[in-house]
Amino acid sequence: MKNQVDVVIIGAGSAGLAAVRQVKKRTESFVLINDGPYGTTCARVGCMPSKALIEAANAYHARHKAEDFGIRGSAGLSIDVPAVLQRVRSLRDRFVSGVIKSTEALGERSIAGRARLLGPNTVAVGDQQFEAKRIIIATGSHPVVPGPWRALGDRILTTDTFFDQKTLPARMAVIGLGAIGVEMAQALSRLGLEVHAFSDSDELAGVSDPKVAACLQESLSAEMSLYLGHEVDLSATSDGVRVQAGSVELEVDQVLVAIGRKPNLDELGLAELGIKLDERGMPPFDSKTMQIGDLPIFIAGDVNGHLGLLHEAADEGFIAGVNAVSDELTCYERRTPLAIVFSDPGIAAVGQRFSSLDQEQCLIGSVDFASQGRALAAQKNKGVLRIYATADDARLLGAEMCAPAAEHMVHLLALAIDRGLTAYDLLAMPFYHPVLEEGLRTALRDISRQSQQSAPPDLSACDSYQIVALD
Ligand SMILES: Cc1cc2nc3c(=O)[nH]c(=O)nc-3n(C[C@H](O)[C@H](O)[C@H](O)COP(=O)(O)OP(=O)(O)OC[C@H]3O[C@@H](n4cnc5c(N)ncnc54)[C@H](O)[C@@H]3O)c2cc1C
């Protein structure tokens with residue numbers, strides 16, 4: 001017999017749980033089905049353990065600046081890698097336990113098992129079937145590992161397996177230098193490992209601005225061997241892995257594969273829905289309602305292959321959850337695009353990226369942090385920040401940066417872009433001295449200088465709303 005429910009949510013990750021929160025406000029008739037470990041990718045094997053590792057790595061790396069600060073004895077510091085990993089796991093367990101409480105609170109409405117679609121209103125899990133008015137697919141993604149590499153067993157790691165390692169070997173290769181690969185490669189290097197980082201493309205961490213990319217490449221090359229632009233081949237040696245790329249051939253003890261993540265759609269039964277999938281096997285969906293075609297089905301989070309970020313997964317779960325229990329679909333504006341890579345210097349992008357700009361129609365303001373006062377005081381004087389604005393009225397369009405405090409400055413820019421502010425509007429704000437944001441102001445003034453308009457000064461005259469620059 002089929003169980004009748006209003007909504008079936010498949011996947012108890014960040015998107016699925018955000019959907020549950022909305023569904024629960026409007027109906028008690030739902031089930032949440034999850035396969036595999038509970039606790040979300042973000043808390044278990046993603047955002048949080050990676051950041052805990054990065055913090056330990058950066059704390060240890062700080063010893064290289066100690067002598068210049070006048071602090072003696074740093075050469076005597078050593079790292080206890082098993083203790084570092086144990087701390088990462090205990091933090092992870094703390095984050096995960098908080099999430100698990102929310103699924104446990106659902107009682108019988110939380111079902112462990114692999115869900116499969118039998119039709120647009122029917123979901124099977126184990127020997128149960130659910131007939132649902134609406135279905136939300138929030139099944140996440142998994143790390144891609146080419147088939148032949150799997151034969152290398154535990155010499156191959158992904159971020160799904162990495163954090164359960166009790167210790168780390170002396171030599172590691174990181175394959176793939178998107179956001180995750182760059183973060184992990186730098187952290188491993190800063191923990192004292194010999195790191196060889198490979199990517200078949202020249203693009204690092206999604207950075208598209210050539211000046212920002214050059215800065216990132218230079219700073220990564222100072223900490224690890226970088227091999228870009230060649231496909232990688234892996235094979236087993238007697239107790240390690242041989243890595244080949246172009247003319248490079250070397251041996252490492254273990255390899256972290258970070259070449260991308262694939263939506264968990266393969267065995268979900270999308271074929272039963274009678275919709276046309278694209279060449280990647282993805283269903284058509286509306287990113288403002290999360291609805292798949294005109295079906296009573298919504299798709300949220302990493303599984304739709306759209307944005308792959310935690311705050312976006314949570315937003316999509318919210319949208320799917322609201323729409324799954326409403327008669328009329330609500331169309332939601334998505335937030336200003338924002339991405340951060342937790343490297344040092346930090347990498348961040350907001351709004352339009354350099355690669356999507358109409359170069360003829362825009363101004364680019366730059367700052368190099370090499371001589372920036374506060375950055376020098378903190379020995380963080382490395383990095384470039386580039387802001388893009390419209391040529392006619394200096395309206396902020398986007399920014400890319402590899403810069404100190406990037407994670408904070410990019411939020412300020414996100415607010416400005418979201419509110420449709422111009423470079424002049426931002427220049428009218430107070431900038432305290434000495435702060436890293438003064439570097440941001442330098443880039444804004446660079447835009448102001450290039451503008452064909454006669455740039456107003458930073459300070460507004462008492463009787464006007466015009467804004468003028470303090471020179
Ligand atoms: C190493 C790493 C670092 C990251 N760092 C950041 C960061 O700093 N900032 C950021 O914004 N994002 C980061 N991300 C991305 C972020 O973690 C993801 O975007 C987010 O966790 C996706 O959430 P989700 O709900 O879509 O998927 P998930 O949390 O993966 O949830 C999907 C759930 O569905 C289950 N499932 C799969 N198939 C089925 C099925 N057939 N039936 C039932 N259940 C199923 C899965 O087992 C899983 O429990 C990082 C990711 C990684 C891997």
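Just so you know, ligand 1 is whichever comes first in the structure, and atom 1 is the first atom listed for that ligand. These figures come from a predicted structure and were not determined experimentally.
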Proximity of [X] to ligand 1 by residue part, where a heavy atom lies under 4.0 Å:
X: T139; value: both
X: C42; value: both
X: L309; value: both
X: Y38; value: neither
X: V45; value: backbone
X: E183; value: neither
X: E267; value: neither
X: A179; value: neither

Please list the nearest protein heavy atom to [atom] with its residue and the distance rounded to 0.1 Å.
atom: atom 31 (O) of ligand 1; answer: G13 CA, 3.1 Å
atom: atom 28 (P) of ligand 1; answer: T41 OG1, 3.4 Å
atom: atom 23 (O) of ligand 1; answer: A313 CB, 3.9 Å
atom: atom 44 (N) of ligand 1; answer: D35 N, 2.9 Å
atom: atom 35 (C) of ligand 1; answer: N34 OD1, 3.2 Å
atom: atom 6 (C) of ligand 1; answer: C47 SG, 3.4 Å
atom: atom 15 (C) of ligand 1; answer: G308 O, 3.7 Å
atom: atom 26 (O) of ligand 1; answer: D302 N, 2.8 Å

Can you find an N/O atom of [X] closer than 3.5 Å to an N/O atom of ligand 1?
X: K51; value: yes
X: V303; value: no
X: A115; value: yes

| query | For atom 52 (C) of ligand 1, which candidate among D160, I9, I180 provides the closest heavy atom? | reply | I180
Ionic contact status for [Y] with [X], cut-off 4.0 Å:
X: R92; Y: D164; value: yes
X: E312; Y: R334; value: yes
X: D209; Y: K211; value: no
X: E333; Y: K288; value: yes
X: K382; Y: D344; value: no
X: R374; Y: E438; value: no

| message | Within the structure provided, determine whether I347 and I340 are in side-chain contact (heavy-atom separation under 4.5 Å). | response | no
| field | Close side-chain approach of I175 and V255, heavy atoms under 4.5 Å | value | yes
| said: Set out, in order, the CA-CA distance, both residues' side-chain angles and the distance that settles salt bridge (Lys or Arg N to Asp or Glu O under 4.0 Å) for R335 and D315, then state yes or no. | reply: CA-CA 9 Å; R335 297 179 208 257; D315 281 354; 2.6 Å; yes
| field | Donor-acceptor contact present, side-chain Q254 to main-chain D154, <3.5 Å | value | yes
| note | With sequence neighbours left out, the residues meeting side-chain hydrogen bond (donor to acceptor under 3.5 Å, both in side chains) with D368 are none
| When the ring planes of F198 and Y227 are compared, do they come out parallel, tilted or perpendicular, using 30° and 60° as the limits? | parallel
